[in-house]
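Computed from a prediction, not measured in an experiment: that's the story for all the values here. The sequence lines fix the lettering, A, B, ..., with proteins before strands; numbering per chain opens at 1.
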There are 2 protein chains.
Amino acid sequence: MRLRVDPTSPEPIFEQLVFRVKEAIAQGSLVGGDRLPSVRELARDASINPNTVARAYEALEAEGVIVRRQGSGCFVTEKGSSLATNERKRRLDALVQRLVTEGFHLGFGARELRDALAERLSATPLPPRRDS
Amino acid sequence: MRLRVDPTSPEPIFEQLVFRVKEAIAQGSLVGGDRLPSVRELARDASINPNTVARAYEALEAEGVIVRRQGSGCFVTEKGSSLATNERKRRLDALVQRLVTEGFHLGFGARELRDALAERLSATPLPPRRDS
DNA sequence: CCAACTGTACTATTTGTCCTAGTACAGTCG
DNA sequence: CGACTGTACTAGGACAAATAGTACAGTTGG
């Protein structure tokens, strides 16, 4: 479990960690029940402060992505999002709008956006969902 | 030209403004040559500080989205992104990865992601591109 | 020409976040 | 017991965001 971080990025380190973990789960390299590196171990490996890692794990637990067990470790959750359907839809729309708007200003058209998404999805298929 | 802003959001106000303008352009409600509200006018309408608006306009100019003309106003640019092809591709991939990862954790699968994007693109088609 | 508008550039202050550092406590497991 | 887990503080430095106020410079239209 190797997690890299860019200390020069404007994106906060703890947020980078949060996304990396979610990314690993979305790619299937982490599955429900898997244990994350300990706060101190990950901090040492990435040369950051243990508090920063703890902050990331705290955020991940707040999102329902992991559970933290004192004395035992942090483990990937089995369940899916616990948000209301409207809220989930709203957030998805915001993500799509982000992609479309920024993609357009990068000079990409509708077809290229669709292709990029399709390519990404076929390159690393999403793990099967265990819906509640 | 009505631009709303959420002062309670964790996203900086000036970044919200930047995105709103880019969004309006990507939707065709702003086109090349159009004039944006003045710094002071927009600040008054949105109940924010003129410096915050100036900051947003500065960022938009740095991205090549608008030009600022002293005494005259700010105008939407005609040209597209001036980034290298590799960089454009890298940013698009990052955007797509964001959508896929966050979308997965919201409980959406590959088909739903593709459908959401397709729906968004057909609902408000991208304006024609004036490539350089 | 002049008045009223534009953007631009400062300085100063307040507020909040990020990150580091250090210490300590509490639960778990072999 | 001992070595590991997460958790919870405090403190401080660095930085970003936003506000407030003032001033200057270019443009426009009456």
Residue-phosphate contact under 4.0 Å: B/Arg68 side-chain N/O, C/dT6 OP1/OP2: no

Distance, rounded to the nearest Å, where B/Arg55 contributes CZ and C/dC10 contributes P: 15 Å

Spacing of B/Leu17 atom CG relative to D/dA17 atom C1', expressed in whole Å: 13 Å

Nearest listed nucleotide, side chain of A/Arg40, among C/dT20, D/dT19, D/dT7: D/dT7

Among C/dA21, D/dA17, C/dC10, the nucleotide that comes nearest once only the side chain of B/Asn51 is considered: C/dC10

For atom CD1 of A/Ile48 and atom P of C/dC18, their distance in whole Å: 14 Å

Whole angstrom value for the distance that separates P of D/dT5 from CD of A/Glu41: 7 Å

Among C/dT6, D/dG6, D/dT19, the one nearest B/Arg35 by side-chain distance: C/dT6

Nearest-Å distance for atom pair CD1/C1', residues A/Ile13 and C/dC18: 8 Å

Spacing of A/Leu36 atom CG relative to D/dC4 atom P, expressed in whole Å: 19 Å

Under 4.0 angstrom between B/Thr52 side-chain N/O and D/dT19 OP1 or OP2: yes

Cationic N near anionic O, under 4.0 Å, B/Glu11 to A/Arg98: yes

Candidates D/dT28, C/dC18, D/dT19 - which lies nearest the side chain of A/Phe14: C/dC18

A/Gln16 (side chain) donor-acceptor with A/Asp6 (main chain) under 3.5 angstrom: yes

Minimum-distance nucleotide (side-chain atoms of A/Tyr57 versus D/dT19, C/dT20, D/dG6): D/dG6

Test side chain to side chain contact (heavy atoms under 4.5 Å, CB included) applied to A/Val76 and A/Val31, step by step: CA-CA 7 Å; A/Val76 176; A/Val31 299; over 6 Å; no

Donor-acceptor pair, side chain of A/Asp93 and main chain of A/Arg90, under 3.5 angstrom: no

Protein-nucleotide distance (A/Glu15, atom CD; C/dC18, atom P), rounded to Å: 6 Å

Atom-pair distance (CG on B/Asn49; C1' on C/dT11), nearest Å: 13 Å

Under-4.0 Å side-chain N/O to phosphate OP1/OP2 contact, B/Ser38 with C/dT6: yes

Check: B/Arg20 side chain, B/Arg2 main-chain N or O, donor-acceptor pair, under 3.5 Å: no

Closest listed nucleotide, where the reference is the side chain of A/Pro12 and the choices are C/dT28, C/dC18, D/dT19: C/dC18

